[in-house]
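Heads up: the structure comes next, in structure tokens.
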Protein chains: 2
Amino acid sequence: MSITIYDLAKKLNYSPSTISRALNNHKSIGKKTTLNIQKAAKEMGYKPNTQAASLRSKQSKTIGILISRINRPFVSTLISGIEDAARKSGYNVLISQSNDHYKDEITNANTLLQSRVSGLIVSLSMETKNTDHFKEFTDQGIPVVFVDRVPLSFNSYKVIIDNYNSAFQATQHLIEQGCKRIAHFAGSQHLNVYNQRRSGYLDALKHHNIPIDKELIINLKSLSFEEGKIATEKLLKLPLPPDGIFSANDTAALSAITYLKEQQIRIPEDIAIIGFNDDPIASIIEPSLSTVSHPAYKMGELSFQRILEHTTDRTIAGVSEIFVLDTSIIIRKSSKRY
Amino acid sequence: MSITIYDLAKKLNYSPSTISRALNNHKSIGKKTTLNIQKAAKEMGYKPNTQAASLRSKQSKTIGILISRINRPFVSTLISGIEDAARKSGYNVLISQSNDHYKDEITNANTLLQSRVSGLIVSLSMETKNTDHFKEFTDQGIPVVFVDRVPLSFNSYKVIIDNYNSAFQATQHLIEQGCKRIAHFAGSQHLNVYNQRRSGYLDALKHHNIPIDKELIINLKSLSFEEGKIATEKLLKLPLPPDGIFSANDTAALSAITYLKEQQIRIPEDIAIIGFNDDPIASIIEPSLSTVSHPAYKMGELSFQRILEHTTDRTIAGVSEIFVLDTSIIIRKSSKRY
DNA sequence: TAAATTTACGCAATCGATTGTTTTTTTTAA
DNA sequence: TTAAAAAAAACAATCGATTGCGTAAATTTA
């Protein structure tokens with residue numbers, strides 16, 4: 001059916017091994033021979049059988065992505081960045097979603113391991129507290145890059161943003177706009193991203209000598225639109241409602257905006273709001289949502305670069321590096337009082 | 001390193017072929033033997049080498065997805081549906097994006113072909129007019145499922161919505177709300193989706209004896225936010241501006257809403273608007289956007305089902321079927337006058 | 001010109017599973 | 001009890017590329 005190196009070998013009167021080496025630019029094959037073989041291969045429409053190659057060489061030119069849900073602005077943009085970068089380097093991308101379940105994350109990790117991916121890019125599920133299921137990868141020398149939602153302890157590559165500092169800035173911004181009682185929608189605290197955003201929030205308050213009121217910190221499991229509404233309702237019922245909200249994501253912040261508008265509460269005059277992520281919707285909603293911009297696409301590209309460098313330069317096996325990307329605070333109407 | 005059927009064979013005193021057949025529940029192996037082997041395999045932590053299996057059997061348990069851009073609500077939800085369904089059936093998902101370029105679509109299609117995917121799910125790029133690059137798949141008996149943006153001529157599976165009828169309904173809805181001059185943001189006409197939405201729009205006008213004014217039909221290349229604004233500006237400058245807009249997607253419709261609000265034009269009183277897709281943002285923007293809901297996730301699941309059925313039931317090779325899924329018109333504030 | 005290198009290429013095993021064919025074992029029928 | 005039929009398992013080739021090792025040819029050195 002499709003043509004193999006054996007067909008080429010017969011046609012050109014070389015041995016299959018020479019064909020193979022020539023196609024891979026092996027130095028032990030003469031230049032002319034190499035060029036001839038490559039030309040002939042192209043002419044005859046030779047397409048390497050990647051299964052055979054990876055069976056023998058135990059390398060797959062495929063990387064695995066393991067994320068919570070494709071179907072979210074940050075994640076899909078991240079994947080887009082990974083895919084574009086991988087494609088450029090001739091890598092395929094296997095994708096799998098945990099739907100934020102720990103169990104599915106384990107299952108999918110194992111499947112990807114079986115697929116002999118040559119690298120894995122992971123953003124942890126909401127439920128994940130233990131990351132032992134990734135040890136098998138590093139044990140086998142397969143690089144694992146954690147992105148955004150990363151474990152604290154696991155020794156590996158990590159591509160993140162400075163959640164603490166971003167949150168600090170965001171909170172400080174609200175303070176600068178005159179907010180005295182700033183609420184915080186916090187996410188699952190075992191995840192680095194939400195934990196650090198909370199820390200940044202707390203420290204910004206401290207730094208500006210604003211007392212911390214635990215009633216103003218609302219812990220939300222998934223930071224969904226529904227939860228955002230419930231949280232906002234709760235805040236409004238307080239004896240002393242807040243005059244600012246820093247939400248750990250945009251979804252909950254948008255929900256707050258929607259609900260507050262229904263309740264005829266002015267934004268940002270009565271309550272100023274800032275979110276996190278810069279989802280597309282943030283700039284369109286009225287009032288537009290101030291937020292922290294996450295370089296999702298770039299994080300994807302960079303994650304792939306790490307894997308590529310790791311696989312080309314085997315000397316760096318076992319290295320653990322943390323890459324922190326810049327965010328930017330985007331001030332829009334929802335928090336701009338002056 | 002990892003354990004193989006040969007290890008199992010040695011351990012259990014069977015031949016590798018028996019091991020292989022037992023693991024695949026082949027009927028020529030006795031029940032007890034099969035069970036014993038499977039139990040032992042599990043105990044010893046046997047993981048099949050999929051590369052080896054697919055090299056030999058020429059089947060990969062991997063399907064390919066070829067879409068324009070991951071990073072869009074409809075597409076990412078579609079993928080999510082495919083991935084969930086595929087995972088359930090033990091399939092892997094290879095993903096690639098054309099970024100709406102014809103050339104990249106061809107390149108990626110070839111890469112996926114080389115990866116020996118056992119099925120391909122495609123949503124065409126904006127630029128694609130010729131679909132010969134998919135013939136190789138069907139020639140090799142690999143099922144191709146086109147989703148949403150499908151070619152007219154290619155003989156294959158297609159999973160679509162009734163664009164014509166949805167557009168007809170959407171336009172009719174505007175008419176029922178009293179609109180007399182309804183504009184249309186049309187997309188690239190060589191794509192079925194936009195072409196048929198335009199037809200539905202035109203026929204709805206005809207059906208209600210509303211004259212067709214070509215000035216009100218704005219052709220947009222990508223239906224982006226920017227283009228939506230430009231189109232809206234153009235419409236407002238007309239001697240007789242429209243009193244309704246049916247946009248072929250939500251992005252452009254949202255842009256129109258944003259711009260019209262800036263211009264102090266009332267929605268829906270002065271201009272009623274309806275979009276297409278039901279992007280998450282549609283329900284959140286103020287006024288909320290009426291639109292046509294697209295069952296993206298379901299389309300993904302169904303697409304995978306087609307592939308699965310095709311690969312399990314080889315008798316249906318070469319079959320071409322078109323599956324039309326239901327949409328629903330979602331009426332929100334942007335078009336509700338009464 | 002012979003010996004020593006270097007360069008270019010071929011041989012053959014190998015990766016781990018699948019599968020058509022054959023052999024052995026068991027069951028059934030006569 | 002024995003032949004025939006059916007069931008269970010083994011043999012061995014195969015998928016298509018990679019790669020360590022060996023050898024012939026070309027080049028350099030003495």
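Just so it is clear, the model here is predicted, and its values are computed rather than measured. Letters go in sequence order (proteins before strands), and every chain restarts at 1.
- The CD1 atom of A/I37 sits 11 Å away from the C1' atom of C/dA8 (whole-angstrom rounding).
- Put simply, CG on A/N49 is 18 Å from P on C/dC15, counting in whole angstrom units.
- Residues A/I37 and A/Y14 have side chains in contact (heavy-atom distance under 4.5 Å, counting atoms from C-beta outward).
- Considering only side-chain atoms of B/A53, the nucleotide from C/dC11, C/dA17, D/dG16 that sits closest is C/dA17.
- For D/dA9, one of the phosphate oxygens OP1 or OP2 lies less than 4.0 angstrom from a side-chain nitrogen or oxygen of B/T33.
- If you measure from atom CG of A/L8 to atom P of C/dC9, you get 15 Å, rounded to the nearest angstrom.
- Rounded to a whole Å, the NZ atom of A/K32 is 8 Å from the P atom of C/dA8.
- At whole-Å resolution of the value, CG in B/L23 and P in C/dT18 are 8 Å apart.
- In terms of position along DNA chain D, the nucleotide closest to B/S28 lies nearer the 5' end than the nucleotide closest to the other residue of the pair B/S28 and B/R56.
- Within the structure, every side-chain polar atom (N or O) of B/S20 is placed at least 4.0 Å from both OP1 and OP2 of C/dA17.
- With no hydrogens or angles considered, a side-chain donor-acceptor pair links B/Y297 and B/D84 at under 3.5 Å.
- Close to D/dT18, at under 4.0 Å from its OP1 or OP2, lies a side-chain N or O of A/N24.
- If you find the closest nucleotide of DNA chain C to A/Y6 and to A/I29, the one lying nearer the 5' end belongs to A/I29.
- There is no side-chain donor-acceptor pair under 3.5 Å between A/T77 and A/S80.
- A/E301 contributes no side-chain N or O that, together with a main-chain N or O of A/A85, makes up a donor-acceptor pair within less than 3.5 Å.
- Rounding to whole angstrom units, NZ of residue A/K47 and P of D/dG16 are separated by 15 Å.
- Which of C/dT18, C/dG16, D/dT19 sits closest to the side chain of B/I5 comes down to C/dT18.
- Proximity of a side-chain donor or acceptor of A/E127 to a complementary backbone N or O of A/H101 within less than 3.5 Å is not detected.
- For DNA chain D, none of the residues of residues 109-117 of chain A falls under the heavy-atom distance limit of 4.0 Å.
- Judged by distance alone, with hydrogens and angles left aside, the side-chain atoms of A/S89 form no donor-acceptor pair with the main-chain N or O of A/A86 at under 3.5 Å.
- Residue A/R21 contributes atom CZ, which lies 15 Å from atom C1' of D/dG16 at whole-angstrom precision.
- Residue order along DNA chain D, read from the 5' end via each residue's closest nucleotide, puts B/Y14 first among B/K58 and B/Y14.
- Residue A/H26 contributes atom NE2, which lies 8 Å from atom P of D/dG20 at whole-angstrom precision.
- Taking the charged nitrogens against the carboxylate oxygens, B/D148 and B/K158 have no contact shorter than 4.0 Å, which rules out a salt bridge.
- For C/dA17, one of the phosphate oxygens OP1 or OP2 lies less than 4.0 angstrom from a side-chain nitrogen or oxygen of B/Y46.
- Taking the six-membered ring for Trp and the full ring otherwise, the centers of A/Y102 and A/H133 sit less than 6.0 Å from each other.
- Across all strands shown, A/N13 has heavy atoms under 4.0 Å from sugar-phosphate atoms exclusively, and none from any base.
- Close to D/dA10, at under 4.0 Å from its OP1 or OP2, lies a side-chain N or O of B/S15.
- Regarding contacts with the backbone of D/dA10, a side-chain N or O of B/T18 is found under 4.0 angstrom from either OP1 or OP2.
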